[in-house]
Protein chains: 2
Amino acid sequence: MAKSIRKKLTERVTITDVAHTAGVSKTTVSRYLSGQYHILSENARNRIQEAIRELNYRPNQMARGLKQDRSYLIGMVIADITNPFSTAILRGAEDVCKQRGYSIMVCNTDNDPAKEREYIFMLQSRRIDGLLINTTGRNNQFLRQLAEEHTAIVLVDRKVPELGLDTVGVDNELSTKEAIRFMINRGYEQIAFFTEPLEGVSTRQERANAFKDILIQYGFPVADLYEADLQQAEPLLKQLERFLESSREGKRAIFAANGVILLKLIHALKHKGLRIPDDVAIAGFDEMEWTDLIGPGITTVSQPTYQIGVTAMERIFRRLEGDHSPSQNIAFAGKLIIRGSTPSVKGL
Amino acid sequence: MAKSIRKKLTERVTITDVAHTAGVSKTTVSRYLSGQYHILSENARNRIQEAIRELNYRPNQMARGLKQDRSYLIGMVIADITNPFSTAILRGAEDVCKQRGYSIMVCNTDNDPAKEREYIFMLQSRRIDGLLINTTGRNNQFLRQLAEEHTAIVLVDRKVPELGLDTVGVDNELSTKEAIRFMINRGYEQIAFFTEPLEGVSTRQERANAFKDILIQYGFPVADLYEADLQQAEPLLKQLERFLESSREGKRAIFAANGVILLKLIHALKHKGLRIPDDVAIAGFDEMEWTDLIGPGITTVSQPTYQIGVTAMERIFRRLEGDHSPSQNIAFAGKLIIRGSTPSVKGL
DNA sequence: GGAATTTATGGAATCGGTTTCATGAAATCG
DNA sequence: CGATTTCATGAAACCGATTCCATAAATTCC
């Protein structure tokens, strides 16, 4: 009887309920919800407003999205969510989304192409409007598919030229060259470059190539480019030892291709009882909250991470608004922050 | 004509398309999608599978969710997404969600109740099934409303007793007492406690109270409890100076109530040219990737952050599965990691 | 002052799935 | 062998919004 009907009715408040209590049709309420106030009478507007308040109504986004073929959802696929670099980007991206009423769904892949694929499928099922991805580069086929379904995709940090998508990141060549040139000018005679495996990751490749180029340009031998797999600590330690054995104290320096490997290297140096910069100088990509606190301060290349997130998300919205211009590669300048970990070599 | 029809048809592949090409009804396809294989003939199963593959079909989660009144979405409202503490929890939560086919929507509030409220409304519109929240404590009314609409809510880190919700965090009293007691036993005669403003945040209050309790228990005066607003750097610096002026080198120590303030304090000490631990000893909550690298290493209270995220999310799913048992407060033990920043006082 | 236009509104179809219920065929039973 | 149960399937209603189209009333036009 009445009791059970009421129960059913109050279970979830729908647009129909609002229409009833306001004494208008669903259509009119819908118009109110989408902000088309100018075609509503003041009377209707007020009564709807009152009804919504009274019933504490919140429109169902799934119903809305279904009909409009829009989810107001952006996917963000990140290799490692605990990496401060990633979260700074996320922060920027999130701020832009919030402002527009979009929400971000985070997906953590651990650089695993299989996980990445699963997430792409899931996001596809959710009909995301946009995707911001730090890709493994192994699921290009599926990304292309997504792009064909009108999802606006922006690659962050890592490029995949064959996809022809917008990318946002830092100018790796420029920044790496600036940093290595700086170290050469400071008098270091042997510089090692440590990176995670290059295969398939454009960012790492660009930095490694810039390193090689600049060494060649200055007539240095390119002997110390180390690709370390960080899953196990051993390889990195071994490679570090190899470098230290082959080089002379006071004349050598290490450059880390990103913040993760920079941290690992500093750990390894501490573990071996080596001092910065006396035993070895060090610098690397990614400014982090602790880089000025360790020893004499670590020289780093700072990326405008928040800005990268903001810009990437803005490109997504530009695309969603119908911009069909050719894809852009947006590269911000990195900033070299010089600290005590890379002093001038004695005797210069 | 045919062309335009085809275009329309291939625009988005729907369950109807799959049904047609497989030569069965939507109902049958739906059963396949929800894994009810046992009631399908092998023939139908194969043809549907083939059709899905051929058309590259992905079911629309919005349509699904609309009918089922389930979004398979979990909201995660965080005060500061760039805080490593938060992302570690997110990581744990995300892993659990992925496994169950749920997705997480991240919301960054900056500890702003207004932003938090906006997010709660948005998440409500999306009909999230669960919410994991690090709340400002200023939107209890809306959280209660959400809970009434069958959203499973778990409070992380910060409690709000009046809401009667599940909470997951660390045992603040126990860990704080252990840490302060340790410092007292090491011979420090004056210990300062630095925290962000206590008002409304249970975690901070619990830690501050534990600090006071243990000092009283040991017969120390409670003179140095500093509430610093971190928005501007000044207050913290002033308070730090006040403490340093009132205390004696070699006999004093600082305890930071969380990782953020710990970092700020270390920065401030460096800024003032003070050495750890010679000029002042320091310890604090939250183990971070750099705490063992700064100076002699910083003594910290480590929280099982990943585990907190996993546990919180598991409680959400337990609730979604229909568990109506009384609410739980789950408190993990923190772990005191002793490092060089808190050596024994000379002469002990 | 009647025709044409504008304005405010609502009925009904629709989005893409799930779920209820009905049905015909095959299998099991006494 | 007829009655009953099981099995595989599909038609149609439904979830909660938006949107197309129709319509009555009010306004403007000549």
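Only heavy atoms go into these numbers, but all of them, side chains included; no hydrogens, no water, no symmetry mates. Residue numbers start from 1 in every chain, and the chains themselves are labelled A, B, ... in the order their sequence lines are given, proteins ahead of strands.
- Residues B:Lys67 and B:Val24 both approach DNA chain D. Their nearest nucleotides, taken by heavy-atom distance, put B:Val24 toward the 5′ side.
- Here C:dC15 presents its C1' atom at 16 Å from CZ of A:Arg70, a figure rounded to the nearest Å.
- The base of D:dG16 has none of its N or O atoms less than 3.5 Å from a complementary donor or acceptor on the side chain of B:Arg127.
- Proximity of A:Thr28 to the phosphate of C:dG10: a side-chain N or O atom is located under 4.0 Å from OP1 or OP2.
- Annotation: cation-pi geometry not satisfied between B:Arg117 and B:Phe142 (NZ/CZ under 6.0 angstrom from ring centroid, within 45° of ring axis).
- The nucleotide whose nearest atom lies closest to any side-chain atom of B:Leu66 is, among D:dA17, C:dG17, D:dC15, D:dC15.
- The nearest whole Å value for the distance from the CD atom in B:Gln36 to the C1' atom in C:dT18 is 10 Å.
- Of the candidates C:dT18, C:dA8, D:dA17, the closest approach to any side-chain atom of A:Leu33 belongs to D:dA17.
- Side-chain proximity of B:Arg64 to the nucleotides D:dG10, C:dG16, C:dT18 is greatest for C:dT18.
- Taking atom CD of residue B:Gln61 and atom C1' of nucleotide C:dG16, one finds them 12 Å apart after rounding to whole Å.
- Distance from the side chain of B:Ser25 is smallest for D:dG10 among the nucleotides C:dT9, D:dG16, D:dG10.
- What separates CD of B:Glu42 from P of D:dC7 is a distance of 16 Å, to the nearest Å.
- The nucleotide whose nearest atom lies closest to any side-chain atom of B:Pro59 is, among D:dT19, C:dG17, D:dA17, C:dG17.
- The listed nucleotides are C:dA8, D:dT19, C:dA13; the one nearest the side chain of A:Lys26 is C:dA13.
- Phosphate proximity of C:dA8 to A:Tyr32: absent, as no side-chain N or O sits under 4.0 Å from OP1 or OP2.
- Rounded to whole Å, atom P of C:dT6 lies 15 Å from atom CD1 of A:Ile39.
- In the displayed structure, B:Glu321 atom CD is contacted under 6.0 Å by more than 12 heavy atoms of other residues, nucleotides or ligands.
- Tested against A:Asp166 for a salt bridge (Lys or Arg N to Asp or Glu O under 4.0 Å), the candidates A:Arg315, A:Lys159, A:Arg318 yield a single pass: A:Arg315.
- Heavy atoms from other residues, nucleotides or ligands lying under 6.0 Å from CZ of B:Arg144 number more than 12.
- Annotation: cation-pi geometry not satisfied between B:Arg45 and B:Tyr32 (NZ/CZ under 6.0 angstrom from ring centroid, within 45° of ring axis).
- Taking atom OH on B:Tyr57 and atom C1' on C:dG16, their separation rounds to 7 Å, with Å as the unit.
- The distance between atom CG of B:Asn46 and atom P of D:dA8, rounded to the nearest whole Å, is 14 Å.
- For B:Ile15 and C:dT19, the CD1 to P distance is 11 Å, given to the nearest whole Å.
- Within the 4.0 Å cut-off from OP1 or OP2 of C:dG11, not a single side-chain nitrogen or oxygen of A:Thr27 is found.
- Side-chain contact annotation: A:Arg127 with A:Tyr72, donor-acceptor N/O pair under 3.5 Å absent.
- Map A:Asn60 and B:Asn43 each onto its nearest nucleotide of DNA chain D; the residue landing nearer the 5' end is B:Asn43.
- Within the structure, a side-chain polar atom (N or O) of A:Ser30 is placed less than 4.0 Å from OP1 or OP2 of D:dT18.
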